[in-house]
Amino acid sequence: MFDTVWLLLLTPLGGSLIIGTLGHRLGRRGIALLACGVVGLAFTLAAVGTLELLKLAAEERSLESTLYSWIALGDFRVSASLLWDPLSSTMSLVVTGVGFLIHLYSVGYMAEDPGFRRYFAYLNLFIFSMLLLVLADNFLLLYVGWELVGLCSYLLIGFWYQRREAALAGMKAFVVNRIGDFGFALGVLTIFLTFGTLRYAEVFAAAPQLLAMGSATATAIALLLFVGAIGKSAQLPLYVWLPDAMEGPTPVSALIHAATMVTAGVYLVARTHVLFELAPLAAATVALIGVLTALYAASIATVQDDIKRVLAYSTISQLGYMFLAMGIGAYAAGLFHLVTHAFFKALMFLGVGSVMHALANELNIQRMGGLARRLPITSLTFAAGWLSIAGLPPFSGFFSKDEILAAAFSSGHMLLWAMGMATAALTAFYMSRHFFLVFLARPRTSRDARRVEHAHESPALMTGPLIALAVLATLGGWLGSSLESYLEPVFEVAERTSSITLTSGPSELALITWPLAAAVAGIGLAWLAYLRGAIDPVRWARRLGPIYGLLKNKYYVDELYDALLVRPVVGLAELLAGVLDQGIIDGAVNGIGLVLQLGGAALRQVQSGYVRLYAFTFFLGVVGILVYLIVR
């Protein structure tokens, strides 16, 4: 397996190429079988490779497979080489495993869509791109996968490009990510100028000798890499593309939010943790941005009514938790939450897709209610995701989120811990609100009630993946200790939290009890407001006034960006187009053309066609020459 790890890449890439070129001959059934089959095969290969890796001693679990020499220019050499270690294998399992279930679900969800072939060609290409990103053994190949992931997100978010909103959302994601990618590219360039190589092994081995602790170079490299992570993983201030990404098909949202694109930034920080360990300021920035984003996005989600956008802001918030873990050095805990988040967030997005399928694409949760009776499988499986993200035991989110909070508390980051606790309470509240309004509360109007009465459960191709993900969201938390032990060789040298131990007695119990109490409080408040009726949300919205308006309008960040960045840039572009392009450049080109045109018109008069005029002109020329010679 170690010598053929490239097959992990070949299978989804081959599926994408075949579907893209020969899909019209395969038919929908053939496309579905091929698209799902290649991702299922990739998952099998990743699982076999992981089992083989487990057979080795912990210190030997890092193997490289070189395909060919890619670039050789003087001393600069880069090979197309893949790295198979606990980190890349874990990410590969998540990408292919969750990706396979999303592919299966998509067969039912997209069954009647005219772009069925194009959709699965893009989806397979997305899996290939993410696998290339996590399997690369050098920064240049990583960057290629990084950009391909961005391309695939653009294609899939704007999949229904006939709709203006979808086309603009795809463009927004592409443009915002270009900002982060520019910082990432500068970081890669700085790494090469500093180390003379782009191979992970060589860079990480030389970093302690070439970079002093806290030096400007180390800090610059780490921060530039983090700029790329901010863009891909939708953190402050480059998060604005992710809510609009909901314009794509719902399974695409599940793939982007759970298993692929948004986890790329977390993976990048984890992979380059050696560099962040040498830049404490950059690491502190990662933790601070992470926890601020977590709290900020959670506050917005509390008042949103779009069934998909609530989950979008939830994703932004949960990614903030992961970056909090990365910033304080709890790398394994952050990756554990990445894995459990992939389970419960994919589950909830696909559950939302099932609700939309039943309600003719209705998105407003205020127009739903009572769907638990009509969609029993969807509601029960969605409940597993809800309780997991809310942080109730024994669901997976309880274990992974609480481990991050415990690491923050035990390492002395009390402010970060307090903000994380507040986020946990808000998360439990807004996800309970989401679940209650959609599945348990009564419909608000008779029209909504009639719509709900006509709702029906999704086909087995859609409910099957929901059940599988619900099992993972329920039981995935028990993987925690095994996963951390498996990842230990990757982080053992630099992980600062290795010295963090939970004290026995009341403190250890408190670290478990406090987040649980926050979750129960959030769920209880939502129950009182949206099921029991003891709290009137509408009245409280009026009382809060400007605060509610601020949250409802998402802090007016999009409007602020539009006023400060978009409009000035568009205005400058229009000015340059009118004055510089049309006035000067086009004017100069048109002026030259006009001069030549007038000159040609004047010369054309000489060509009269009269021989006597030509002879007379010739005579005058001869006389002129003779006079010149005599006078001289």
Side-chain angles (χ1 to χ4, degrees), residues 266 270 287 290-291 293-295 297-298 314-315 317-345 347-348 383-432 472-485 487-488 491 495-524:
V266 179
V291 77
T293 303
L295 185 57
S314 171
T315 297
S317 180
Q318 296 303 306
L319 288 166
Y321 269 119
M322 299 175 208
F323 280 110
L324 167 61
M326 296 295 146
I328 62 176
Y331 305 111
L335 288 167
F336 179 29
H337 195 55
L338 183 152
V339 172
T340 61
H341 177 263
F343 298 155
F344 62 70
K345 188 52 63 69
L347 168 62
M348 288 190 290
W386 157 52
L387 294 173
S388 183
I389 192 174
L392 292 187
F395 298 92
S396 60
F398 167 77
F399 297 95
S400 58
K401 186 191 299 183
D402 285 9
E403 190 164 334
I404 294 173
L405 293 173
F409 183 92
S410 300
S411 57
H413 298 90
M414 301 307 297
L415 178 59
L416 301 182
W417 173 80
M419 295 173 71
M421 284 289 297
T423 303
L426 288 176
T427 301
F429 170 77
Y430 71 70
M431 284 311 309
S432 298
L472 291 172
T474 303
L475 304 178
W478 301 104
L479 298 172
S481 58
S482 299
L483 179 61
E484 291 185 15
S485 176
L487 290 170
E488 184 179 355
F491 305 117
E495 188 169 26
R496 295 191 300 274
T497 55
S498 59
S499 61
I500 293 175
T501 56
L502 302 182
T503 57
S504 60
S507 296
E508 182 177 359
L509 180 62
L511 288 177
I512 297 174
T513 304
W514 291 335
L516 182 59
V520 172
I523 294 173

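Only a predicted model underlies this, so the values are computations on that prediction, with no experimental measurement involved. We're numbering straight along the sequence, starting at 1. Just so you know, these numbers use all the heavy atoms, side chains as well, and skip hydrogens, waters and symmetry mates.
Every residue meeting the side-chain hydrogen bond (donor to acceptor under 3.5 Å, both in side chains) condition with T340, not counting sequence neighbours, appears here in chain and number order: S400. Contacts of A383 classified as side-chain contact (heavy atoms from CB on, under 4.5 Å), with partners at least two apart in sequence or in another chain: W386, F435. Take F343 and apply the ring pair (Phe, Tyr, Trp, His ring centres under 6.0 Å) test, not counting sequence neighbours, and it matches no residue. In this view, A270 and L87, M326, L335, F491 satisfy the side-chain contact (heavy atoms from CB on, under 4.5 Å) rule, not counting sequence neighbours. F399 pairs by the ring pair (Phe, Tyr, Trp, His ring centres under 6.0 Å) definition with W478, not counting sequence neighbours. Take A384 and apply the side-chain contact (heavy atoms from CB on, under 4.5 Å) test, not counting sequence neighbours, and it matches L347, F395, A470, T474. Applying the ring pair (Phe, Tyr, Trp, His ring centres under 6.0 Å) criterion to F429, with sequence neighbours excluded, gives no partner residue.
With rounding to the nearest 0.5 Å, the separation of CG in L405 from CD1 in I512 is 12.0 Å. A distance of 11.5 Å separates CG of L338 from CD of Q318, quoted to the nearest 0.5 Å. If you take OG on S432 and CG on L387, they are separated by 8.0 Å, rounding to the nearest 0.5 Å.
Under a 3.5 Å cut-off, the side chain of S317 and the backbone N or O of A294 do form a donor-acceptor pair. Looking at S410, its side chain never comes within 3.5 Å of a backbone N or O of A407 through a donor-acceptor pair.
L511 is listed as a side-chain neighbour of F409, based on a closest heavy-atom distance under 4.5 Å.
A pairwise comparison of heavy atoms in G391 and A519 identifies O-CB, 4.2 Å as the closest pair. Contact detail for A428 and A518: the closest heavy-atom pair is CB-O, 4.5 Å. Looking at every heavy atom in both residues, S314 comes nearest to K345 through OG-NZ, 3.1 Å. Nearest heavy atom pair, residue A298 against residue T423, reads CB-CG2, 4.0 Å. Here the closest non-hydrogen pair linking A473 and S388 is O-OG, 3.7 Å. Nearest approach of K401 to I389, heavy atoms of both residues: NZ-O, 2.6 Å.
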What do the steps show when you test I404 against L324 for side chain to side chain contact (heavy atoms under 4.5 Å, CB included), and what is the final call?
CA-CA 8 Å; I404 294 173; L324 167 61; 4.0 Å; yes
Name every donor-acceptor pair, under 3.5 Å, that has one atom in a side chain of residues 414-422 and the other anywhere in the protein, sequence neighbours excluded.
none

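The aromatic rings of H341 and F344 sit perpendicular, their planes meeting at an angle over 60°, well past the 30° parallel limit.
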